[in-house]
Amino acid sequence: MSEPQDKNDRDGNEKPPYGQYQFDLYAQAIIAGQKPIVTTDPNKLEQAAREAMTPEAFNYVFGGAGEQATMHANRLAFRQWKLIPRMLRPTLPRDLSVELFGKKYDTPLLMAPIGVQGAYHPDGEKGVATACASLNVPFIYSTAATTPLEDVAAAADLSLSPTSPSPTPPSPTSPSPPTTTTSAPRWFQLYWPLSDTLTASLLTRARAAGCTTLVVTLDTFTMAWRPLDLDAGYLPPVRGEGNALGFSDPVFRRMFAAQSDGDTVEDNVVAASRAWLAEAFSGHAHRWEDLATLRRLWGSGPIVLKGVLSVGDAEMAVRAGVDGIVVSNHGGRQLDGAVPALEMLPEIVDAVGGRLTVLYDSGVRTGADVLKALALGAKAVLVGRPVIYGLGVAGSEGARHVLAGLLADIDQSMGLAGVQNVTELNRSILRKINYGGDVKSSL
Ligand SMILES: Cc1cc2nc3c(=O)[nH]c(=O)nc-3n(C[C@H](O)[C@H](O)[C@H](O)COP(=O)(O)O)c2cc1C
Ligand SMILES: O=C(O)C(=O)c1ccccc1
């Protein structure tokens, strides 16, 4: 017999019943005979997406760099850590909330910035952002999106609006119905252009669209050697896919017109794509001292550096005065042979965790994975591919199902581990065991 779940958290706020989702799925099966819209098995999700998506799109999402050694190592690194559950302790009401940069979030989960979402399903970024909004999970908008930022933000906010949009345009004499005041949580991920003027324009738009935190991705100033995409001849931004932010940007449009005899972006998408790639993926890394420019352009809001894998760079991040880092190897899509991100997490947390906020991504697939990363000191965790697989299989609803399932799994796993609040997760619940072998044999 379980104790009744308190509807409110410690601060008296109504708490979303994340763990309820699994019982909803059982109830749906009994009452309506309905199976989940997308598999709940993380190991079957990939196959379901493979069957639903075009081969090019699936391989683009699924693939890693090189021989995918780092991508697989990310999973092995999670398998090496095991949880030590505690019994007969209070675990309800569960509180998944975390505080990041002075702001409270309902859960420790964020949607990783993923480019080109319109290539995986027509619901694209609007579909994923709406799914995130319904669960109060921050959506991190990628610089490589297929939909302009302002449209994604409006769709997410509208989905939260208590009043549905009026089917007829408001008459000029009657006041228009109140527009929504609710804003879905969102962050902005920057692929950092060479031009400061262009960067300033993107950041101004991000702030105006309600993005509270700037995530600067450091590990992808050029694309890695990715055999699956090379063999298929498929790199979306080269074909004009995933350039919507740049193509809708007034500064980029002026720059392009000036260098192409007045052509607009629409007149010559191939040349415009080349010009955009030359700005955002030029092959030239910026330098640590350039972060002062970003600070000036972004203002006082939080700045997070994504793609940090060493204690040395984490120390540099502290010195540069940024607010956070994401320990990440880009899901094994950039430097193949790079260390699994989880392997580096504890020592990075030990070195800088008291001075900036350490977040984590790469290889997170289950609730247990999230617990492990949090116990190793991450304050929150980004998830990437699984949500995109959900999107590919069943659009926005599929993405929502994957996120809701992961949140339920986090919630239930915390309870089973004997933990009530995220703040209780620490290394005392972990044991590192090296079984050797590959991902499949160490299942
Ligand atoms: C298809 C795809 C596109 C991505 N696009 C971006 C991007 O535009 N910006 C970015 O910072 N990271 C991007 N990433 C990396 C993710 O933000 C994240 O680091 C990674 O997916 C985490 O690993 P996981 O997929 O194993 O969860 C992309 C990843 C994938 C799979
Ligand atoms: O594929 C990626 O990992 C990525 O970050 C990206 C970069 C540019 C366009 C689309 C995705």
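One-based numbering along the sequence shown. Counting convention: from 1, in listed order, for ligands and their atoms alike. Scope of the values below: all heavy atoms of this structure, side chains included, with no hydrogens, waters or symmetry mates.
In Arg385, the parts holding a heavy atom less than 4.0 Å from any atom of ligand 1 are both the side chain and the backbone. With a 4.0 Å cut-off on non-hydrogen atoms, Arg226 touches ligand 2 through its side chain and not its backbone. Contact annotation: for Phe62 versus ligand 1, there are no heavy atoms closer than 4.0 Å.
Polar contact with ligand 1: present for Gly115 (N/O pair, distance under 3.5 Å). Looking at ligand 2, you won't find any N or O of Thr220 less than 3.5 Å from one of its N or O atoms. Considering both main-chain and side-chain atoms, Ala112 never comes within under 3.5 Å of ligand 1 through any nitrogen or oxygen pair.
Thr264 and Asp267 are linked by a side-chain donor-acceptor pair at a separation below 3.5 angstrom, with hydrogens and angles left out of the test. Under 3.5 Å, the side chains of Asp409 and Thr366 contain no donor-acceptor pair of N or O atoms. For the residue pair Arg254 and Gln259, no side-chain donor N or O sits within less than 3.5 Å of a side-chain acceptor on the partner. Thr39 and Asp41 share no donor-acceptor pair across their side chains, judged by distance under 3.5 Å alone.
In terms of protein heavy atoms, atom 5 (O) of ligand 2 is closest to Tyr191 OH, 2.5 Å. The protein non-hydrogen atom at the shortest distance from atom 31 (C) of ligand 1 is Arg333 NH1, 3.3 Å. When only non-hydrogen protein atoms are considered, atom 19 (O) of ligand 1 lies nearest to Asp361 OD2, 2.8 Å. From the protein, the heavy atom lying nearest to atom 7 (C) of ligand 2 is Met223 CE, 3.5 Å. Summary of contacts: the protein heavy atom closest to atom 8 (O) of ligand 1 is Ser142 OG, 2.7 Å. Closest protein heavy atom to atom 6 (C) of ligand 2: Tyr60 OH, 3.6 Å. Distance from atom 12 (N) of ligand 1 to its nearest protein heavy atom, with residue and atom name: Lys306 NZ, 2.9 Å. If you check which protein heavy atom lies closest to atom 27 (O) of ligand 1, you get Gly384 N, 3.1 Å.
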CA sep, side-chain torsions, deciding dist, call: Phe252, Trp276, ring-ring contact (aromatic ring centres under 6.0 Å, His included):
CA-CA 8 Å; Phe252 178 75; Trp276 171 245; 5.5 Å; yes
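In this structure, Arg365 counts as a contact residue of ligand 1, since one of its heavy atoms falls inside 4.0 Å of the ligand. A heavy-atom separation below 4.0 Å is not found between Gly242 and ligand 2. Every heavy atom of Gln334 sits 4.0 Å or more from the atoms of ligand 2.
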For residues 113-122, dump all side-chain donor-acceptor pairs below 3.5 Å to protein atoms at least two apart in sequence or in another chain.
unit_1	atom_1	unit_2	atom_2	d
Gln117	NE2	Ile114	O	2.9
Tyr120	OH	Gly115	O	2.8
His121	ND1	Asp123	N	2.9

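Every atom of ligand 2 is numbered from 1 in the order shown, and the set under 4.0 Å from a heavy atom of Val116 is 10 (C).
Remark: among candidates Gly64, Gly332, Gly63, Pro113, the nearest residue to atom 16 (C) of ligand 1 is Pro113, based on non-hydrogen atoms.
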